[in-house]
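The figures that follow rest on heavy atoms only: side chains count, while hydrogens, waters and symmetry mates do not. Read the numbers this way: they start at 1 and go in the same order the structure lists the ligands and their atoms.
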Amino acid sequence: MTLAKPIEWLGDRVRILDQTRLPQEEVYLELDNYRDLASAIRELKVRGAPAIGVAGAYAVALGALQIEARTKGEFLESLRGVVDAIGATRPTARNLFWALEHMRRVAQAIEDVAQTKAALVDEAMKIHAEEETATRKLSQFGAELIKDGFTILTHCNAGPLATAGYGTALGIIIRAKEQGKRVKVLATETRPLLQGARLTTWELKKAGIPVMLITDSMAGYFMRRGEVGCVIVGADRIAANGDTANKIGTYTLAVLARENNIPFYVAAPTTTIDPALSSGEEIPIEQRNAEEVTHIHGSAIAPEGIAAANPAFDITPHRYISAIITEKGVIRGNYGEGIKGIFRRV
Ligand code: MRU
């Protein structure tokens, strides 16, 4: 199948598919300024942890190309401002900070400014290519866990759009279908910003995979009726003990899955794992504007002035996770040891 291209490097600018306009319109934006790309990340025009990492790397490359510096010291000083601005867009996705750290290291390694700029562009393209390969590999590992005839419940959107690659949760489902397995998907709408209703259904429809849209609160109904073979979700950040931050509502699904004896899988490239954080308690949770809850597409659904909470992610403790599927293999049981083992190999 032809995958959506949410991000593309065009030599001196970046083309992104504006995900806020989907599924009604397929609108591409060409951005040649890192501030515009940073705003696009903040506004979820580009979203999903791996795609945020790739976009962040390209934003640094754009920023670097625009710096006019006489010395390497001046260049690095300006670049610090660029990296800080991009890092301030979305705090939870580990991939963003992983990518920024890589870009920073490349910037420091070379003396010549022009060569540094070229190296930063190359590094961003490399990060993009590696993300693509990693999501293909993890999808292959994950597809082995999918049985013929399974209905898979997924939350938010963890497809090609979210990864600038093959997808994580949806990549596994797409791969299982390519292997000839009959699969169906229950997609939660994912309030407040409806990534499931708008994006997951759009991608699965294009891939020819049967999908049924449900509201977030219907998940328990279908699980209890025995209609869910497994749950697969993506991740925004995974701590060293396996605790996982993902879209708000993931924790609820994990607890419900345990209650109903349904395997609950997390799929993510190793760039989403943050080995420096000992548990999910340390993962920063993005708090977004309350208006995303009180309004849908600009229309108010609550009385004016009502208080509303909007944490964008929650933490699923590792004990609810049946396996973490990465491009380096599937981790089960003792996540602390499994993650350490993977990082020894990385
Ligand atoms: O707020 P979003 O849309 O960026 O949140 C996305 C998610 O929570 C995804 O599940 C996660 O980033 C994994 S994407 C492969």
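- Other residues, nucleotides and ligands contribute more than 12 heavy atoms inside 6.0 Å of the CD atom of E74.
- When all heavy atoms of A164 and A51 are compared, the closest pair comes out as N-CB, 4.0 Å.
- Applying the salt bridge (Lys or Arg N to Asp or Glu O under 4.0 Å) rule to R15 yields the partners E8; only residues at least two apart in sequence or on another chain are considered.
- Pairs of residues two or more places apart, or lying in two chains, that qualify as ring-ring contact (aromatic ring centres under 6.0 Å, His included) and include a residue from residues 37-59 are W9-Y58, Y58-H128.
- Hydrophobic cluster membership for L213: none, as no Ile, Leu, Val, Met, Phe, Trp or Tyr side chain comes under 4.5 Å of it.
- With a 6.0 Å cutoff to the six-membered ring centre and a 45° limit on the axis angle, K184 does not count as a cation-pi contact of F150.
- Protein residues with any heavy atom under 4.0 Å from ligand 1: R47, G48, A49, P50, R90, C156, N157, A158, A162, T163, T168, Q195, G234, A235, D236, N246, K247, F313.
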